[in-house]
Every structure is written in C-alpha cells, then in structure tokens.
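One structure is given below, encoded as structure tokens.
Note that the numbering runs from 1 along the sequence shown for the chain. Computed from heavy atoms alone, side chains included, the values below leave out hydrogens, waters and symmetry copies.
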Amino acid sequence: IMFYLIFCFIIVFFFSFWRGHRISENCSGIQYTLHFIIPLLCVCVILGGRYGWATDYLHYMLTYQFDDDGYYEPLFQKINSVLHIFKAPFPVAFFVYALICYGSALVLFKQFPKVTYLIFPCFVCLYFYDSSNLVRFSIGMAFIMLSIKYMMGEKTNLKFFIFFSICAIL
C-alpha cells in the first residue's frame, strides 16, 4: 500500500505543481479543470485498478457483484444501481467512487485557486488510505465538501448546504 501511496503522491505532486503556481484567481473553470484533470485521473485510476488491498475491498467487491443493497445508504445504493445499468465491471465502480470523492475536493479547492496546487497533493496524501478503506464514508464526505463550497461563496445559499448535508447523511 505504501508503494501505491508514494507513487500516487509523486504523480499528483508533479502535475499539480507543473504550471499550478500560474493559476490566477480569475482563471476560467475550463482552465482550472484542464490543469487538474491529469492528477485527478491518476488518483482515480490507481484507486480503481487496485486489487485486493484495503480492508473492505472484498466486502465491496462482493456487494457490487451480487447487487446486494442490504443495509447501505440510499445514495450509495443509487450509485451502484446506475453502475449496474451500464454493466460496469467492479474496477469501474471504484474509479467512480474515487472520482466522486476527489472531484468534489477539487470543486471545493477552486475557491482557493492560488494554493490549490499545494492543497490537492496534501489532500491526496492524507486522504488516499481512508478513501480506499472507507468507501461509503468518502462518498458522504464528498457531499459535505460540496456543501462547504456553497457556504463559502459570496452568496451563502442555505438551501444548497442543507441539501448536500442531507445527501451526505443518506
């Protein structure tokens, strides 16, 4: 696991710093997205392509393969249902889980464009192990991160905060 963590951190660190310090506060959403798409995809591919490591890997694999909705959160069940409609293989499910988690972090970090290239590699390093073990928790945290974005904006929109908080609880 340590090898994956170090490899992932090096890739994200390199691509985040590469031209990252030039991103200004006035950059468009497309410029920001294009700059951080490579580090985001690297993290998602590594988490999606993992095999057999992390505490809950086998549990989530069996849950996904046998379409066991069981006692899981409704939002997690809906994500799995959508993936089953497209007949996505199991690694794609982990890729989507990671994309939700780290994509929402980048949406939150867009509030701080001048330091995102510093924050994102640190976030990956600190959150990588947890997001591979606590998949449902990571998806819930993704919605909390999205709600924080709305609380930090100039126009605080309480409806969005309440909506995303409810999604995180579900």
Over all heavy atoms of both residues, which pair between [X] and [Y] is shortest? Give the atoms and the distance, please.
{"X": "M145", "Y": "C101", "result": "CE-O, 3.8 Å"}
{"X": "G48", "Y": "P91", "result": "O-CB, 3.2 Å"}
{"X": "S138", "Y": "Y127", "result": "CA-OH, 3.4 Å"}
{"X": "A142", "Y": "I100", "result": "CB-O, 3.6 Å"}

Among the clusters formed by ILVMFWY side chains lying less than 4.5 Å apart, do V82 and I139 turn up in the same one?
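Each belongs to a different hydrophobic cluster.
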
Taking atom [atom1] of [X] and atom [atom2] of [Y], what is their separation to the nearest 0.5 Å?
{"X": "Q65", "Y": "H84", "atom1": "CD", "atom2": "NE2", "answer": "9.0 Å"}
{"X": "I119", "Y": "L108", "atom1": "CD1", "atom2": "CG", "answer": "8.0 Å"}
{"X": "L47", "Y": "L99", "atom1": "CG", "atom2": "CG", "answer": "11.0 Å"}

Applying side chain to side chain contact (heavy atoms under 4.5 Å, CB included), name anything that partners [X], two or more places apart in sequence or on another chain.
{"X": "V45", "result": "F95"}
{"X": "V92", "result": "A88, P89, V96"}
{"X": "L58", "result": "M61, L62"}

Partner set under side chain to side chain donor-acceptor pair (under 3.5 Å) for Y60, not counting sequence neighbours:
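Y60: side chain to side chain donor-acceptor pair (under 3.5 Å) contacts with R136.
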
Using ring-ring contact (aromatic ring centres under 6.0 Å, His included) as the criterion, point out the one residue from F76, F137, Y64, F90 that pairs with Y97.
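Running ring-ring contact (aromatic ring centres under 6.0 Å, His included) over F76, F137, Y64, F90 with Y97 returns exactly one hit, F76.
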
Partners passing ring-ring contact (aromatic ring centres under 6.0 Å, His included) against Y102 (at least two apart in sequence or in another chain)
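Residues passing ring-ring contact (aromatic ring centres under 6.0 Å, His included) with Y102: F123.
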
Is any side-chain heavy atom of P39 closer than 4.5 Å to one of F120?
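The answer is yes, as the side chains (C-beta and beyond) meet within the 4.5 Å cut-off.
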
